[in-house]
2 protein chains.
Amino acid sequence: MARSGPKLTRIARTLGVSAATVSNALSGKGRVSAELAEKIRATAAELGYVPSLAGRALRTGRTAVIGLVLPDIANPLFPQIAQAIELAASSAGYGVLIADSRGDVTTQTKAIERLIDRDVDGMVIVPRRGTRIADVGCPVAVIDTPSTPGNTVAADHWGGGRQIAEHLKALGHRRVLIIGNNPASNVQNDRIGGIRSVLADGAFVETLWIEPLEREQGKGCPLGLAEKVAEGFTAFACVSDLHALRALTELQRAGINVPEKASVTGFDDLIWSPVVTPALTTARMDMTRIAAIAVEALVKAIGERDPADAAIGAPVTADDAEVPMQLVVRQSSAAPPRIQFQPAQTTANARTSAPEGEHQP
Amino acid sequence: MARSGPKLTRIARTLGVSAATVSNALSGKGRVSAELAEKIRATAAELGYVPSLAGRALRTGRTAVIGLVLPDIANPLFPQIAQAIELAASSAGYGVLIADSRGDVTTQTKAIERLIDRDVDGMVIVPRRGTRIADVGCPVAVIDTPSTPGNTVAADHWGGGRQIAEHLKALGHRRVLIIGNNPASNVQNDRIGGIRSVLADGAFVETLWIEPLEREQGKGCPLGLAEKVAEGFTAFACVSDLHALRALTELQRAGINVPEKASVTGFDDLIWSPVVTPALTTARMDMTRIAAIAVEALVKAIGERDPADAAIGAPVTADDAEVPMQLVVRQSSAAPPRIQFQPAQTTANARTSAPEGEHQP
DNA sequence: TATCGATGATTAAACGATTAATCAGGCGAT
DNA sequence: ATCGCCTGATTAATCGTTTAATCATCGATA
């Protein structure tokens, strides 16, 4: 909306100079004497001058707006991401336009197109389950996972998995059930890979995928964790706090106390994780840092780009593409009960009696 | 970013007409013969013409962008709201710029100012705990609760409370603990008001506020619900699913089975509500409808407004300001256990032995 | 003294769309 | 035959900013 605020010409008129001089003084580009420049800045500030983005956009081809594309906005991580991106972008002078794709791939394409039509200078994309993003014709920062080709910046999900696993291992767990949602997700696979890499030596590990299970038994179906406990599993390492919550309540409901009889861990430190009972042990990513790096790389690419060509659409790269995760130990994890499947307390070779880490069929 | 796409003049040149005619044909405003208009539309479509928002904005003072302001983006409801607003806005041809206030009031003001500086045509505000929003100088749609002055559109939180209470009442609950976060929230007060209005007759009701309790005992402290059960409470009506989740896990942890020994209900149907065990009974608001109404009212106000003046900043009003909530009955609510505090099964006057609905000190 | 260069400012064009004002015909009515 | 009106199109101005090109002035150099 056209604020009634003063325009460039208004300042120029006030000081009896030309509009071009004002523009030069404010941007520091042309040749303006130091004293006049100072005077211009002063009156601009005094009058509360705010440049018209529309005018500038028309002239420069830069809108100072970036688009934020998320696989599905309903993802509980969305608030964290959006907040961090918005903060980073606005400190860099950019606005953030959101685009929702409701999980749908074609909708996502449409959403991206709408952003392009709005002349965004660049976009931050969190791709859905490792789908490659097509060349969109403007600089793109991709936040996925370091092992994804084209990734710009991401948390070190593998490392996060390792931390979780080491925590569980140190507590004494030797039979761990990993709970994931969908094997197509690069993020989940990295987390799981990290967990397995630590537990491979001397622990029995199995993976349960929720989505395939739900396709058979319906949404929100029980995961059958009580049976798993009966089979000797003492820890449930979930790939997201959402699944951890699901596991926790299912176990509690079955009368299995957490963490005394079974440990539960999650990922992402979602909003409820500190306030449920027991509070969830989880691995958190430093979204603020990730967003800062992504936006910084994006802004750099935008700056280098010639506004005329619409050719370059390859994901931009950041110097520091891998941000470590942070283990948050709370009450949902503890040592396993002493009874089951602990062949002997005879220190060393007791471990070898447990099956080596194995992979799911 | 300046797409390399064809401009208005390009189409004009292709057909050998003037740019003005093309503009008129495409907008349907000036006087253009039907056949020429058709031909223009055809080539525009063929060439994939997309108007430059910057050019249009500069001329018309309309950016076709609205701002979305939320009290704190970390709110678990945010995804729902953002998704619904984005859908409604984009179908109306508007982009959505997000502004986060991190819960802080001064930050919120800054965020709003940034939106104004970006020339948004209007904004949708979900105010923080009933803070009145100041005159911002552009049309504003407020989503809060019908009883808030200046509210544009909202779910019927009071009615939602009534539905929850009637459900609980029909199940036979006579001692209900309401769990809220902060007494300053209009939304929460309406929900609680609705609950109490139904339960006032013949049930004992008490309210527990989390935030004051946490100020004393620290974040994530136990709510002491086991004691409440011992006192005879059979149902916990929470003002949000987040609190319901907290209550549920605390009860489960204390060995109190839900719903056999105590019922738990929430609000908002948040992401985890269907997948925890037992799945949460809750009241859902129709965000899609609310967003549609809010955006419609906003767009109408934007259309009527003279782009030149920046005076009107009062919240716009919608025709249909109150959208009913929908009760979602799942497994977390059931009839209370038969034993405790049921003075007698002697039908009628048994009720009067229970204290009338009372208010918290 | 005439000229060159640097300095500090101004002019004017451009970005892409909208829209008020204008203009050229054609047709009916006086 | 002339005037006025309606239709369908064009002209030209405008929104606010940026920036290349131009210009004036002054001091220093040849």
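Reminder, nothing fancy here: chain letters follow the sequence lines and each chain counts from 1.
The side chain of B/Lys29 contributes no N or O atom lying less than 4.0 Å from OP1 or OP2 of C/dT18. Between B/Tyr49 and C/dA17 there is a side-chain polar atom (N or O) within less than 4.0 angstrom of OP1 or OP2. One finds no side-chain N or O of B/Ser52 lying less than 4.0 angstrom from the OP1 or OP2 phosphate oxygen of C/dA17.
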*Mark up nucleotides 8-15 of chain C, 5' to 3', with B wherever a protein heavy atom is under 4.0 angstrom from a base atom, S wherever such an atom reaches only the sugar-phosphate, and - elsewhere.*
BBBB-BBB

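Of the possible polar contacts, none joining the A/Thr21 side chain to the A/Val17 backbone as a donor-acceptor pair under 3.5 Å is found. With hydrogens and angles ignored, the 3.5 Å screen pairs no side-chain donor or acceptor of A/Asp156 with any backbone N or O of A/Glu322. Although no hydrogens or angles enter the test, the distance criterion places a donor-acceptor pair under 3.5 Å between the side chain of A/Ser91 and the main chain of A/Leu87.
In this structure, B/Asp119 places its CG atom 15 Å from P of D/dC15, rounding to the nearest Å. Note: CZ (B/Arg118) to P (D/dG16) measures 18 Å, nearest angstrom. Summarising the geometry, the separation between CG on B/Leu8 and P on C/dT19 is reported as 12 Å, rounded to the nearest angstrom. As rounded to whole Å, 13 Å separates atom P of D/dG8 from atom CD1 of B/Ile40. Following rounding to the nearest Å, B/Leu26 (CG) and C/dT19 (P) show an atom-to-atom distance of 13 Å.
Between the CD atom of B/Glu113 and the CG atom of B/Leu115 there is a distance of 10.0 Å, given to the nearest 0.5 Å. Atoms CZ and OG1, from A/Arg114 and A/Thr109 in turn, are 11.0 Å apart once rounded to the nearest 0.5 Å. Atom-to-atom distance recorded for A/Tyr49:OH and A/Leu8:CG is 3.5 Å, nearest 0.5 angstrom.
Overall bending of the helix from C/dT1-D/dA30 to C/dT30-D/dA1, expressed as the angle between end axes built from five pairs apiece, is 80° (10° steps).
Between A/Arg102 and A/Asp100 a salt bridge is recorded (basic side-chain N to carboxylate O distance below 4.0 Å). With respect to the salt-bridge test (charged N to carboxylate O, under 4.0 angstrom), the residues B/Glu296 and B/Arg289 do not qualify. Using a cutoff of 4.0 Å between basic side-chain nitrogens and carboxylate oxygens, A/Arg41 and A/Glu38 are scored as salt-bridged.
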